[in-house]
Structure formats: structure tokens, C-alpha cells
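For reference, the structure discussed in these notes is given below.
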Amino acid sequence: MTDTPVRVRIAPSPTGDPHVGTAYMGLFNYAFARHHGGQFILRLDDTDRERFNATSAHAILEALRWLGLQPDEGPEIGGPYGPYVQSERLALYTHYADQLVAAGHAYYCFCTKERLAEMRAAQEAAGDATMYDRRCLTTLTREEAARRVRDGAPHVIRMRMPREGVTTFHDLIRGAVSFENALIDDQVLIKADGFPTYHLATVVDDHLMRITHITRAEEWISSTPKHLTLFRMFGWEAPQFAHFPLLRNADRSKISKRQGHTSLHWYQAEGILPEALLNFLALLGWSHPEEKEIFDLNELIANFTFERFNTSGPVFDLEKLRWLNGVYIRALAIDDLYPRVEPFLIKAGILQAQPVPEEQAFAKQCIALEQEKARALTEFPDLVSFLFNPNFPYDDEVVAQWLRPAPAHVRPALSTLLEQVEALPDADITAERLEEIVRRIAEELGVGAGKVIHPTRAALSGRAKGPSLFHMMAVLGKAEIRYRLKRTLEMMKGG
RNA sequence: GGGGCGUUGGUCUAUCGGUUAGGACGUCGGCCUUUCAAGCCGAAGAUGACGGGUUCGAUUCCCGUACGCCCUACCA
């Protein structure tokens with residue numbers, strides 16, 4: 001290890017919704033940087049003009065903020081090595097590409113896409129590896145090529161990959177990896193539109209931005225020898241490499257929109273807590289030295305080492321994420337939980353857009369009632385909706401079981417409860433007091449407590465399942481209990 | 001087709017040559033209990049892909065095979 005400060009980067013492409021893979025890479029890069037007191041940089045790789053999406057760039061940054069993985073340098077943030085958007089660095093790439101051409105490490109290529117396609121087809125038919133045949137390198141003199149470029153002929157710049165030797169590198173996660181140079185294609189460095197390909201841009205930027213460790217997904221392993229060769233051609237010291245495993249779909253293919261949820265917006269909309277997502281992601285491919293399952297970002301940072309990585313690609317299991325999310329929801333203080341749930345309540349139409357303090361206070365109590373049950377924030381509206389609606393719908397099954405037709409003791413039980421609640425001072429509307437009352441009614445009617453509790457729940461909520469009955473009653477309050485009991489008693493007559 | 005990377009219960013993982021192969025999610029059962037959850041207890045589920053080596057001893061090291069994945073684009 002050198003004593004230069006650790007600098008790592010993630011370089012997502014702004015081509016759509018912020019991707020869960022970006023969060024995954026971001027998490028480990030962030031943790032590694034923080035572990036060593038280094039910098040975590042965001043760079044936007046927008047060199048593909050076909051797939052570029054203007055709103056995506058900002059969304060990526062927003063998503064990183066949501067996760068708490070704030071870059072130290074990046075677009076909208078700035079930093080000493082900017083700009084951090086590749087399309088704003090075009091002059092740099094052409095400068096360095098020209099340098100390579102001048103040194104004979106790269107060359108102009110005028111082959112059309114059609115010719116390349118034919119060439120590949122022929123190679124495939126012959127059972128050969130599909131590689132550029134170097135026609136423009138072998139049949140054109142450098143002077144001719146330069147003249148054609150000056151004349152405005154469409155062209156690309158290709159790197160001249162050495163045909164001998166082996167490129168080996170030590171991957172921090174996988175150990176030694178080597179490739180035979182002769183099998184590596186002459187990669188296009190500058191496209192016909194003047195934009196660089198990933199390969200050139202990443203090498204130039206990683207060098208210029210003083211990146212010390214290129215830590216990226218496994219899918220990049222095969223192109224690492226190209227990058228290493230570029231570093232050598234430029235005479236630059238290459239960073240260290242670490243290739244993380246790739247997130248997989250259930251069928252083990254690379255995680256995709258088609259089979260799973262790749263958009264970070266989905267997780268947000270689903271009510272997954274960012275800290276739960278981070279914890280879950282940290283469990284994929286990496287493991288805590290004490291085999292802990294639940295730990296926060298700081299603990300990841302403190303324990304982060306490449307040695308604790310697994311090398312095979314983990315399947316992204318939404319069920320486990322949901323469990324973990326439930327753990328985090330339960331661990332939250334109600335005052336921290338409530339603000340996170342409120343938007344979901346508003347969206348479901350349970351709360352109005354700008355709830356007044358009284359409404360918020362009531363909503364908070366409702367949330368507290370069901371806190372231990374939710375595995376995602378989106379579940380709260382269904383869980384608590386009946387508490388906000390005096391004219392809640394009755395579940396058919398529960399009505400059939402307890403209310404209509406009703407066992408003989410139910411009507412007297414509910415009527416008695418109504419009377420006794422009416423007589424109760426507001427200060428006595430507490431879970432404890434209510435429980436005493438309900439249990440005494442059951443006793444006086446000579447039935448088990450459950451025989452009164454269940455129909456009461458049905459009478460007050462229309463449901464068979466719900467929060468603790470007595471706590472729920474206390475939250476509802478006297479007037480509401482009275483209204484609901486009367487409504488149910490009325491409903492029971494109708495059958 | 002070529003190259004690279006990988007392979008521990010359905011899923012995520014521990015093990016840095018010696019364990020009854022451990023834990024977590026999920027599943028099933030029990031307890032608790034006013035329901036649902038939560039919590040606690042328990043169970044089922046892995047001949048560690050397969051075959052060879054190396055070794056006193058391999059899930060751990062080496063080789064081969066199979067399978068999966070990634071790359072093989074003027075996409076990243």
C-alpha cells in the first residue's frame with residue numbers, strides 16, 4: 001500500500017432510473033473510501049449519446065443522497081478534478097487519443113459498420129474469433145490515413161493492442177487474473193461521433209482524477225487488460241483493481257428490469273428504508289466478520305476489507321430485504337417513523353395533503369399501533385385505514401362469524417359495552433380500563449373473553465385482524481367508539 | 001465459437017486442511033396471546049456440482065469435466 005490517499009469512484013451512465021447496481025457499487029466504494037479516510041467520487045459516464053437521458057443525471061445524485069452515500073466530489077458538487085461529467089471532457093479524450101496515434105499506439109480506422117459486420121460474419125463462419133482484422137492499419141500508410149482524416153472522412157480511432165505476451169493483474173477480490181494479449185481486440189477508443197468509448201474515457205479520467213482503486217462490477221474483468229494496456233501506453237501508473245460480484249436475477253442472469261426491480265425509485269416508492277436497503281446490499285457478496293446480519297453503514301465502514309468478499313454473484317432476494325426492512329421499521333422511534341410514513345398516508349388519500357397537528361398526532365398513534373407489523377412503508381395505509389374511516393367496510397367473513405347472524409351473547413355484549421363507554425369519563429378511556437370493562441362483560445355473560453373481544457373488534461373495525469383491541473379503542477376515543485358501536489348494532493338488525 | 005469469472009440446503013452466507021458443515025431469510029410445528037404480527041423454542045432441508053489427484057486427513061490446495069454467468073459493439 002502506498003501512502004497516497006484512497007480515491008475511488010463510481011461512474012454510472014445516466015440512461016434511465018437510478019439503478020440498484022449503482023447503489024451496490026456505491027455502497028462498497030463509499031465504505032472502502034471511508035474506511036481509509038479517502039474520497040468517494042461520482043463521475044457521470046454519458047458518452048453514449050444514443051442512450052443518454054437528461055433527467056437521469058440529477059436522479060442518480062438524488063438517489064445517492066437518499067441512501068446517505070453522498071459523494072465527496074461530483075457533478076453539482078464540484079471538486080478539484082472536474083468537470084465530473086464526461087461529455088464535458090471531450091477535448092481531453094481527443095487530446096490523449098491523438099497522443100496515442102502519434103506514438104503509434106492507436107490508429108485511424110475507416111471501416112464501415114457494414115464491412116465490420118461482414119468481416120465478423122465471415123470469421124464466425126470460419127469458426128474464428130471475431131476481431132478487427134486491422135485492414136486500416138495494414139493497408140493504409142499513416143500519411144494516407146491522416147490525409148483522409150483531414151479530408152473529413154468518417155473514422156474511429158482504435159487502440160493497437162499488442163499481439164504478444166500476457167497481461168496479468170492482481171484483483172483485490174479474486175487474486176491473479178491473466179489474459180493472452182493476442183486474443184484481445186483492437187478496441188475503438190474514439191467513436192465516429194467524436195465521443196470516447198468507456199475504455200478510453202475511464203482510463204483518462206481515472207488517471208486525471210487520481211483514482212487509486214478501480215472497484216467496479218465483475219462484468220468489467222474482461223476489459224481490464226485493455227485498460228491496463230492503455231495505462232502503460234500513456235506511461236501512467238495503473239490503479240489497483242477489485243471486481244465485485246454481479247447482482248443476479250432468480251435465474252442467475254445479470255440483474256435486470258425485466259425480472260426484478262432495478263430502479264431505486266421502486267424501492268423508495270415501495271417504502272423500503274434506505275438504511276435497510278444498504279444493510280441488505282452489504283449482505284450480498286460481503287459478510288460481517290462476526291457473522292452479524294444487522295449492522296449499519298458505520299459498522300460496514302469499520303469492518304470493510306476486500307478479503308471478506310465472496311466471488312460468486314448473489315441472487316437478489318426481495319423476501320429477505322422485506323424482512324430486514326421490517327426489522328428497521330420496528331427499531332425506529334415513532335417520531336422518526338411517522339414522518340416517513342406520512343407521505344404514504346397522504347398518497348393513499350387517508351390524510352389530506354397538509355395535515356394539521358391534530359391529524360398528525362392521531363395518525364402517529366395509529367402508526368404506532370401497527371408499527372411491528374409492517375415490512376414496508378406501503379403497508380401502513382391498508383393497516384390503519386379503518387381507523388380513519390368511521391364508516392369502514394365490513395369484511396363478509398367476519399360479519400358472518402360474529403355479527404349477522406350473531407351468537408346470542410353478542411348483541412347484549414356490544415350494547416353493554418356501549419352503555420359503559422358512554423358512562424366513562426374521557427380520562428378513563430385507556431387501554432387498561434377498557435380491557436377491564438370488556439373482560440367483565442364477558443364474565444357477566446358467562447362466556448370467554450375472546451367471545452366478546454372478537455365481535456367487538458369486528459364491530460369497531462369490520463376486520464378479523466388488527467391491532468391490540470384495547471389500545472386501538474383508546475386511540476379511537478369515546479365518541480368514535482360510540483358511533484361505531486351504534487352503527488354496527490344498527491347493521492346487525494338488518495339480517 | 002473464443003476468452004474470463006464462478007459453483008456450500010430454495011435464497012444470502014460462515015469455514016482461511018481436522019466442525020455432528022455454523023448462522024440468516026423463507027417453509028413447517030409449538031409456546032405466548034384478544035386476532036394479526038413480534039418474540040421465544042423446535043423441525044425439515046447440504047453425500048459442500050461431478051471425477052481425479054496432493055495429504056495422515058479435504059468443502060477448503062491442484063487438475064479435468066459439467067453447468068452458470070460475464071465479455072466477445074463506433075453500450076456501458
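Numbered from 1 within each chain, the chains take letters A, B, ... in sequence-line order. Quantities reported herein were computed from a predicted structural model and do not represent experimental measurements.
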Next on the checklist: Looking at A:Ala153, is its backbone amide N or carbonyl O close enough to the side chain of A:His155 to form a donor-acceptor pair, meaning the two atoms are under 3.5 Å apart?
Outcome noted: yes

Next on the checklist: Using a 3.5 Å distance criterion without hydrogens, assess whether the side chain of A:Asn249 forms a donor-acceptor pair with backbone atoms of A:Asp251.
Outcome noted: no

Would you measure the distance from the [atom1] atom in [N] across to the matching atom in [M] and give it in whole Å?
| N | M | atom1 | result |
| --- | --- | --- | --- |
| B:U54 | B:G68 | C1' | 28 Å |
| B:G18 | B:A58 | C1' | 9 Å |
| B:C12 | B:A46 | C1' | 15 Å |
| B:C36 | B:G45 | C1' | 28 Å |
| B:C25 | B:A21 | P | 22 Å |
| B:G29 | B:C62 | P | 45 Å |
| B:G26 | B:C41 | P | 16 Å |
| B:C50 | B:U60 | P | 10 Å |

Checking all strands, does [X] fall into the base, sugar-phosphate, or nothing category for heavy-atom contacts under 4.0 angstrom?
| X | value |
| --- | --- |
| A:Val156 | base |
| A:Trp286 | nothing |
| A:Gly127 | sugar-phosphate |
| A:Arg120 | sugar-phosphate |
| A:Ser178 | sugar-phosphate |
| A:Phe195 | nothing |
| A:Thr47 | sugar-phosphate |
| A:Gly285 | sugar-phosphate |
| A:Glu124 | nothing |
| A:Leu469 | base |
| A:Val177 | sugar-phosphate |
| A:Pro12 | nothing |
| A:Arg330 | sugar-phosphate |
| A:Arg252 | sugar-phosphate |

Item to check | Mate of B:U33 where both pairing distances stay under 3.5 Å, Watson-Crick or G-U | outcome: none

Taking OP1 and OP2 of [N], is either one under 4.0 Å from a side-chain nitrogen or oxygen of [X]?
| X | N | result |
| --- | --- | --- |
| A:Arg375 | B:C36 | no |
| A:Asn310 | B:A14 | yes |
| A:Lys254 | B:C71 | yes |
| A:Arg308 | B:U15 | yes |
| A:Arg158 | B:C74 | yes |
| A:Arg216 | B:C70 | no |
| A:Lys465 | B:U33 | no |
| A:Thr130 | B:A73 | yes |

Indicate, yes or no, whether a donor-acceptor pair under 3.5 Å links the base of [N] to the side chain of [X].
| X | N | answer |
| --- | --- | --- |
| A:Glu180 | B:G3 | no |
| A:Ser468 | B:U34 | yes |
| A:Glu293 | B:G23 | yes |

Side chain of [X] only, heavy atoms from C-beta on: which candidate in [options] is closest?
| X | options | value |
| --- | --- | --- |
| A:Thr311 | B:A37, B:C25, B:U7 | B:U7 |
| A:Ser253 | B:C69, B:C25, B:U8 | B:C69 |
| A:Lys320 | B:G23, B:G26, B:U7 | B:G23 |
| A:Arg51 | B:C75, B:C69, B:C25 | B:C75 |
| A:His454 | B:C25, B:A76, B:U35 | B:U35 |

Item to check | Most 5' of A:Pro314 and A:Gln86 on RNA chain B, judged by nearest nucleotide | outcome: A:Pro314

Next on the checklist: Can you work out whether A:Ser287 or A:Arg174 has the more 5'-proximal nearest nucleotide on RNA chain B?
Outcome noted: A:Arg174

Next on the checklist: Does A:Arg115 form a salt bridge (charged side-chain N to carboxylate O under 4.0 Å, His left out) with A:Glu118? I'd like the steps, not just the answer.
Outcome noted: CA-CA 5 Å; A:Arg115 160 155 144 76; A:Glu118 283 167 25; over 6 Å; no

Find the distance [X]:[atom1] to [N]:[atom2] and express it as a whole number of Å.
| X | N | atom1 | atom2 | answer |
| --- | --- | --- | --- | --- |
| A:Met159 | B:A73 | CE | P | 15 Å |
| A:Tyr108 | B:C74 | OH | P | 18 Å |
| A:Phe295 | B:A24 | CZ | C1' | 12 Å |

Next on the checklist: Below 30° counts as parallel, above 60° as perpendicular, anything between as tilted: where do the rings of A:Phe309 and A:Phe28 land?
Outcome noted: perpendicular

Checklist outcome for this item: Rounded to the nearest 0.5 angstrom, the CG-CG distance for A:Leu42 and A:Leu44 is 5.0 Å

Checklist entry - Are A:Arg463 and A:Phe386 in a cation-pi setup, meaning NZ or CZ lies under 6.0 angstrom from the ring centre and within 45 degrees of the ring axis? => result no

Checklist entry - Under the 6.0 Å and 45° cation-pi test, does A:Arg148 pair with A:Phe110? => result yes

Checklist entry - Should we count CG of A:Asp336 as having more than 12 external heavy atoms under 6.0 Å? => result yes

Checklist entry - Got A:Ser385 and A:Phe392 here, is their nearest side-chain heavy-atom distance under 4.5 Å? => result no

